[in-house]
Amino acid sequence: MRKSWALLVAMTMGMTALTGCGADTTTTNPPVSGGDTTTTNPPAEGGDVAEVKGIQFPLEKPMEFDFHYHARNKYVFRPEWPVFQELAKRTNITLKNTANEVATNSEEQIQLQAVDGFPSDIYGGNNTTKYFMQYGQDGAFVAINEFWDYLPNFKAYLDANPDVEAVITAPDGNIYHIPYIQDGGVARTYFMRTDWLDNLGLKVPTTVEELEVVLTAFKNDDPNGNGLNDEIPYFNDKWNEMIRLANLWDARVYGMDTYQERVIPTEEDTVYHAWTQPEFKEAIKNIARWYANGLIDQEIFTKGSASRKEYLPKDIGGMTHEWVASTSGYNAKVEIPGFMFETIAPPKSPSGNQWEEHERLKTKPDGWAVSSNCENPAEALAFMDYFYSPEGRILSNFGVEGEHYDMVDGKPVFKDSVLNGDKAVNAFLEEEVGAQLKHGYWMDYEYERQWTNEVGQKGVELYEANDYSVLQMPPLVYTDAEKDTMDRLLSNINAYQDEMIQKWIIGGDPAVVDADWDKYLAELEKLGMQELLDAYQSAYTNYLSIMKK
Ligand code: CA
């Protein structure tokens, strides 16, 4: 399979070079995207374009690709999306949906495609990149590193971001997909009912000790003024996020933006498991104490994910740690006189550290790739590369100029109809516009900033003005042997940890944590903790070696 594919590429590349040589210089539209950097400027008058190796858009003849896009268990590709209508104008390339419109499990859909040998030209969606690496190594997807001439924008991005190259390179050294890159920006922050502080004559807490005083007052002193002891001082939509309170006592909790990743990298290039550290034990003892004192939602482990939606409009939730854009949005939605749910800086730990562990994952496990069955991989990849060009990036983030945004001082600004429409901005873009899709594109944080509530923007500025960040674990690429280890051990270890941590917190007795701790560590060793850490270390060392090469 691999060999015949290589031959196909050689033929296609030859053909494309011919097309480039014959490109029509009299065309009235300057190329919107040069395949090669020599074509990014319109050719000088009478200029010689014989050197052009890449692909010039729009193509002389229209081209169509079959596109299997199934994302987030509900979205399939829709060719009528304005972004792709506009792309068709600019490139002369259209995509045709091949994904099952009624299926509700995106991963299952791509696994079914694997059984069929990936017959479509292009594949995309969330949580796809592991399949691109796995099946790419078997020859099912085009190695895009053999097509750099057609990917000048993405190549330039990788050259400037070796950390991204290190996490999209498969164990065989090839790159099989273009990923969805999230733009930095502030992610989760601490939020507090600052109008409750005012009601009780309290100040914003700056240390964990002051925070405990505030939460205790929220619990006991009727900050919502209804005469009932109905306040829930600290809550989270997900209990896993609540565990991150351990940060306030100097303990790391998650390596990156997923609750399954609990191994942390160090500045010395080593790794350790956060949930076995002495400071983590001390933190859990404090969280158990807070829970016993009613400072943490007593339903945190059973509530599901509806706490913000329920507690904020009911005027009973005091504090959380959540995504800044969606959480600050409650300030506009909740109809309670004086309601202020504001970002506060991370309270300092007893040792004086002030940090925010949560960050957006830069390289998402989402992306798109070209099947080895595609007859024109160079054109397909040039089309995908366009999403990383300056114009393509605006289009894939903001939609179509004049329809969804206007250029103001050289920057795209959403129209009021988008910002204040019936749907949330991100849902509208993903469902109606074809922007912000979970395939290979490069997010621009400005898109999110524009729909972040004023209160949230203040919070963003606070977190941006201070660097609270800590070292993140990258999404590692595992060899087959390492992957076996992870598959065998990780979920059992996490499940045992979840069980014990829940037991300790609900029990509410710090002494029990002390009494159980050594048994807990011994059980984790039995479950293969050292072997797990060895697999992480090996993959992390490999990541560093690619990044530093
Ligand atoms: Ca009350």
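First listed ligand is number 1; within each ligand, the first listed atom is number 1.
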Report task. For Glu403 and Pro82, indicate whether the former's side chain and the latter's backbone hold a donor-acceptor pair under 3.5 Å. Result ->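 No: the side chain of Glu403 does not pair with the backbone of Pro82.
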
Requested in this report: Keeping the roles fixed (side chain from Asp237, backbone from Ser307), state whether a donor-acceptor pair exists under 3.5 Å.
Outcome: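 Yes, because the side chain of Asp237 sits within donor-acceptor range (under 3.5 Å) of the backbone of Ser307.
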
Requested in this report: Not counting sequence neighbours, which residues clear salt bridge (charged side-chain N to carboxylate O under 4.0 Å, His left out) with Glu209? List them please.
Outcome: none

Query raised in the report: Among the N, O or S atoms that Asp230 has, which is closest to the Ca ion (ligand 1)?
Result: OD1

Query raised in the report: Do any N/O/S atoms of Gly227 come under 3.0 Å of the Ca ion (ligand 1)?
Result: no

Query raised in the report: Any N/O/S atom of Asn226 sitting less than 3.0 Å from the Ca ion (ligand 1), backbone or side chain?
Result: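 Checking Asn226: at least one N, O or S atom is under 3.0 Å.
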
Query raised in the report: Which of parallel (below 30°), tilted (30 to 60°) and perpendicular (above 60°) describes His177 and Phe132?
Result: tilted

Query raised in the report: Within 45° of the ring axis of Tyr330 and under 6.0 Å from its six-membered ring centre, is that where the NZ or CZ of Lys333 lies?
Result: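 Because its charged atom sits under 6.0 Å from the ring centre and within 45° of the axis, Lys333 does stack over Tyr330.
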
Report summary line: Output field for angle at the Ca ion (ligand 1), Leu228.O vs Asp222.OD1, rounded to 10°, should show 100°

Query raised in the report: Between OD1 of Asn224 and OE1 of Glu231, what angle is found at the Ca ion (ligand 1), rounded to 10 degrees?
Result: 110°

